[in-house]
Structures are given as C-alpha cells and as structure tokens.
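Lettering follows sequence order; numbering is per chain, from 1. Only this structure's heavy atoms are used, side chains among them; waters, hydrogens and symmetry mates stay out.
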2 protein chains.
Amino acid sequence: MATGRTHRPATRSRGIPEATVARLPLYLRALTALSERSVPTVSSEELAAAAGVNSAKLRKDFSYLGSYGTRGVGYDVEYLVYQISRELGLTQDWPVVIVGIGNLGAALANYGGFASRGFRVAALIDADPAMAGKPVAGIPVQHSDDLEKIIQDNGVSIGVIATPAGAAQAVCDRLVAAGVTSILNFAPTVLSVPEGVDVRKVDLSIELQILAFHEQRKAGEGAASDGGVPAAAARSDSADQGPDGDMPAVMPA
Amino acid sequence: MATGRTHRPATRSRGIPEATVARLPLYLRALTALSERSVPTVSSEELAAAAGVNSAKLRKDFSYLGSYGTRGVGYDVEYLVYQISRELGLTQDWPVVIVGIGNLGAALANYGGFASRGFRVAALIDADPAMAGKPVAGIPVQHSDDLEKIIQDNGVSIGVIATPAGAAQAVCDRLVAAGVTSILNFAPTVLSVPEGVDVRKVDLSIELQILAFHEQRKAGEGAASDGGVPAAAARSDSADQGPDGDMPAVMPA
DNA sequence: CCATCTTTGTGCACGCGTTCACAAAGACAT
DNA sequence: ATGTCTTTGTGAACGCGTGCACAAAGATGG
C-alpha cells in the first residue's frame, strides 16, 4: 500500500500489467524463503498464502510470464526464483545513489536489503560540506557539487532522494540531467520529471493519515449505532492487508 | 506508489472511495502550502497541478466530501483545509508508538512530520535492554517487556513496526492484543492480523525492484528492436508519477 | 435585471484489475 | 494403458477508478 503512485496512462510494460509487476517482488521474497528451506515445489495455493494474496491472482500473474507451472504438481521454486529475478532485472547489478544523508538517508544506507537483490549503494551524497568524507555505513559521503560526475562515473540510473522537501526538486533535476531515469522519492513533494523518467514516492505522513482515516471511522462506528460490523468477529486467518495495496510512503509534509 | 496495499474487499468507507482517501493527504499538503502563503481561494485546475493530479479527478474527489466549492470562483483554502483535516481525522491527537529503534526507527522518531499532522510519538520501544532509557529524538526508549502497559496507558491505537523481519509478526500480535488497530509496517514480511485491524506496508526493497523492472525495460527497448515505444518522445510537462500508485515501501527482504 | 464568462459538479463510457469457475493438462496408481 | 485426482491456466463477468465533456450554478459587469 504505498502512497503514491500516480497511475501511468497505459503503460502495460511489454504485456505485464503494472499491478502484477508490483506483486512480483512479493512472490520473489516468499519463493526465496522457500528456496532457503530447500522446498522443491509449491502450489499456487501455498505460495499465495505466503505472499498474502489470492491464489487465482497469483496464477494469473504468473501466466503473464509464461507457463512455468506443472499441473497437478505446482511450481518449481528455483526455476521461478530465476524467472522472476530475470523479469525484474535483478540478475544484473544496479548501482544506486542516495542523496540527502540525514537520519533517513543514513538509515537507508545502513539498510542491508540492498545487496541481496542486486542493488549496490554506489555513493552517498549530501549538500552539507561538514558531512563530506564522513563515512556512513562504511561509505564516505561526497559533496553534492560532484553529483553529476558521480552519476556518470558509476553509470547510475537509479537515484534515491532523502533530502528535505525544499531541496528535492532541484536534486531531482540534477539527477535527471546527469542521466538518472528512475527515482525513489522520500521527500514530501510532487516531483516534476520529463517523459521517460519513473518516479516512485514513499511518504510516511500520507500512510499515517490514511490509517488515521480508517481509525477514526472504526471509532465512530462503535459509538454511533449505525449497524456496523460487530467489531470483534476476529477471523483467524490473515487477509485484510490494509486498504489499497497501492501506495507507500515515508516523510510527511 | 507504495508497495503494498492488498486491496480490502469492499471497504468504500462511508462512501468515500479508497483511492480518494489516499489522495486527500496530497491535497491537504498542497492546501496547507497555499494557506501559508495566505492564498484565499484556488481553482480545481491550480490545486490539481500543485498536487500532481488531474483536475477532473480532484473535483470528483471533493464531490465525495460534499459541495465545498463555488462555481466561477473555486475553493476556499482555509475551509477546505479544515474539511479534509476533519475527514481524515487529523483534528484529534493520535498517539503513536514506534517499535524497533534501529536506524530506521530512529529516523522515524526524529522525523518532524509527525507533530504537524496530529500525530504524536507517545513511546519508542525496543527489545534490546541496552537501549532502554537511552533517549532518541528526546524520548527515552522503553523495553518491549512493557509494550502492553505502554499501549494501554497512552491509549495508543496506531503502531509503527520498524523491527527486523523475524520479529515483526510477534510484535504485531502483541500490539494487536494490547489494543492497536492500525499498523504501519516497515518490516519486509506479510503480517497476519485479525479482522478489523488495518495494515499498511512500506517496503523499500519492493519499490526499488519495481523501478529496476522499468529501468530494464527502458534499456532493453533501445537495444533490442522489439517495436517498443520510441523512447525519447519527451513531453515537457510532469505527469508520469511512477507506475501504479498503489504501493509504497521501505526495507527489503 | 440581463448577459456573459468562469468554474464547479457529474453523467457516461472506457479500461484495468480482480475473482470465479471450469476445462485442460499432467502426475500417479492400478 | 486407463482412470482418477490434483493443480494449473484462462475465459468471462464484475466492479472500481479515471477522464471526457457538458450542463448547472454563480460571479461579475453593464
């Protein structure tokens, strides 16, 4: 449920629906876990449960990739891990730069989940001269004056913006001018980018506000007797994974 | 573009579509900026541009809240700020606990965007005894042994999970048992929760993987002549704000 | 008071995504 | 080989969300 993607018109990248692409990493994570336990095959039912989705949806998702299952048996875990990784482009190395090494930027730099998926933190960039040279997560922070050179020297095409809102658009413009074509934006601003550049936004404040909306709704429901759901008809299984699966967020306005 | 919300069945909370709810914080942010500049009214066109959405969509969104505009003039900024705040439940105070004070948890605790929207960090909780008492962002970290008491004493209904993946489900279960009904999950796991509890997931790894997919596609398009889109038909305006607004993310698998 | 101009609010059509339900395909046992 | 049983892959229906395009509403000027 991320916060914010603004739907792209009709991208349907190469036939694979955007909604499916967004779920592939989920399947990949579940499959990786199975792989580590040396499980050879899974049924769509099992895998769907592990990924927290509907089994029919999962099968349809996989059908966009091709017919990788065996009827009566299920899917070969290793093979599927490979196919999804390849489809997502994770079989290659993606150098990433993080701009804005404040609390969040530092947390992202320290975040261990990059390397495990083909992402490599190529550089940390900050506008504060006092930060320059200071190592964060073992990587020395570089000054933003050198942004263009860093991007080009490392062949970076993915940038992460973790600056204050006021600086985000300027940083974005420079990243794009230097050749970055995919941006993950943690700053609470709407970024303007030219055609061909992808932006994904993560906005904590928005996520919290959405939760507050539903929270308020639940509270009001109990008070006013409007025939709402009994409240505690707890079902044992998972299901209900938040409204919309669509949008993520970090950092408020 | 968040990562993951798993759509809720048919929630349509009180008639307001989920997609609209997800955009209200966006409008609110833009309106707040206008309010600070003492702008009295805005047209749907202007506000839509500021929020990065279609003006027809914005008008339709507002129509779910009621008719707050004046034809020929536009919307009253202050009034709209109030109405949206009220609708989102931001006129009340929301105590929030953050569980897992690692790099990310600390970054969240330091994050200034909470207070500005009615969210208050009521407590920081960590399982490491060495952290107990240590102040982070001016708030002393408390040990997770006291989790239930902290939740109840502060009347907390919203919890943020920033623990490692392995601990997330257990923490989630304890939060829910203690009375939390909304969870913002930064751990790369699918959480199982009973009916009535909302979960929103923020997963950095997933966001990056989605970007990588599109990045790979762009790269392959230029190389292999598969009749793809011309690639550089650059349009000058913004638009394209990432695929699928649905999902946000932080922390990989 | 009437005409004109601006901007809202919405009816309608379209497309994507989800889900159901089932036929086809293959494994496995006999 | 044949039959049974499991599980995939997908056709079809449905619902939500989006965007167009326009009528209604109100402001503004004469």
Would you be so kind as to tabulate the donor-acceptor pairs closer than 3.5 Å made by side chains of residues 69-78 of chain A, with sequence neighbours excluded?
residue, atom, partner, partner atom, Å
Asp76(A), OD1, Glu78(A), N, 3.3
Asp76(A), OD1, Tyr79(A), N, 2.9
Glu78(A), OE2, Ser35(A), OG, 2.6

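Nearest heavy-atom pair, Ser85(B) versus Leu28(B), reported as atom, atom and distance to 0.1 Å: OG-CD1, 3.7 Å. Residue Leu47(B) comes nearest to Ala30(B) through the heavy atom pair CD1-CB, 3.7 Å, listed as atom of the first residue, atom of the second, then distance. Shown here for Phe62(A) and Leu80(A), the closest heavy-atom pair between the two residues is CE1-CD2, 3.3 Å.
Among the nucleotides dG17(D), dT10(C), dA21(C), the one closest to the side chain of Pro17(B) is dG17(D). Minimum atom distance to the side chain of Ala19(A) is reached by dG17(C), of the listed dG17(C), dG9(D), dC20(D). The side chain of Ser67(B) approaches dG9(C) more closely than any other nucleotide in the set dT10(D), dG9(C), dG17(C).
The phosphate of dT18(C) (OP1 or OP2) has a side-chain N or O of Arg23(A) nearer than 4.0 angstrom. Put simply, Tyr68(B) has no side-chain N or O that comes within less than 4.0 Å of OP1 or OP2 on dT7(C). Side-chain N/O atoms of Ser44(A) include one lying less than 4.0 angstrom from OP1 or OP2 on dT8(D). At the phosphate of dC20(C), OP1 or OP2 sits under 4.0 Å from a side-chain N or O atom of Asn54(A).
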For nucleotides 1-4 of chain D, tabulate all protein N/O to nucleotide N/O atom pairs closer than 3.5 Å, reporting atom names and distance.
none

Which pairs, protein N/O on one side and nucleotides 12-14 of chain D N/O on the other, fall under 3.5 Å?
residue, atom, partner, partner atom, Å
dA12(D), N6, Lys60(A), NZ, 3.0

Enumerate the protein-to-nucleotides 25-29 of chain D contacts in which both atoms are nitrogen or oxygen and the separation is below 3.5 Å.
residue, atom, partner, partner atom, Å
dA25(D), O4', Arg71(B), NE, 3.4

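Going from atom CG of Leu58(B) over to atom P of dG19(D) covers 12 Å, rounded to whole Å. In this structure, the OH atom of Tyr64(B) is 12 Å from the C1' atom of dG11(C), given to the nearest Å. Distance Ile16(A) CD1 to dC16(C) C1': 16 Å, rounded to the nearest Å. Distance, Glu18(A) CD to dT18(D) C1': 16 Å, rounded to whole Å. The OH atom of Tyr79(B) sits 16 Å away from the P atom of dT8(C) (whole-angstrom rounding). Put simply, NZ on Lys57(A) is 17 Å from P on dC16(C), counting in whole angstrom units. In this structure, CZ of Arg59(A) is placed 14 Å from P of dG11(D), rounded to the nearest angstrom. What separates CG of Leu65(A) from C1' of dT10(D) is a distance of 15 Å, to the nearest Å.
Residue-level contact check: Phe62(B) touches neither bases nor backbone, having no heavy atom under 4.0 Å from any strand.
With sequence neighbours excluded, no residue forms a side-chain hydrogen bond (donor to acceptor under 3.5 Å, both in side chains) with Gln92(B).
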>> Working note: Thr32(B) + Glu36(B), criterion side chain to side chain donor-acceptor pair (under 3.5 Å); need CA distance, chi angles, decisive distance, verdict.
In response: CA-CA 6 Å; Thr32(B) 302; Glu36(B) 280 165 5; over 6 Å; no
> What do the steps show when you test Asn185(B) against Cys172(B) for side-chain contact (heavy atoms from CB on, under 4.5 Å), and what is the final call?
Replying inline: CA-CA 9 Å; Asn185(B) 179 32; Cys172(B) 172; over 6 Å; no
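Residues from residues 31-40 of chain B with heavy atoms under 4.0 angstrom of DNA chain D: there are none.
Between the side chain of Gln216(A) and the backbone N or O of Arg86(B) there is at least one donor-acceptor pair closer than 3.5 Å.
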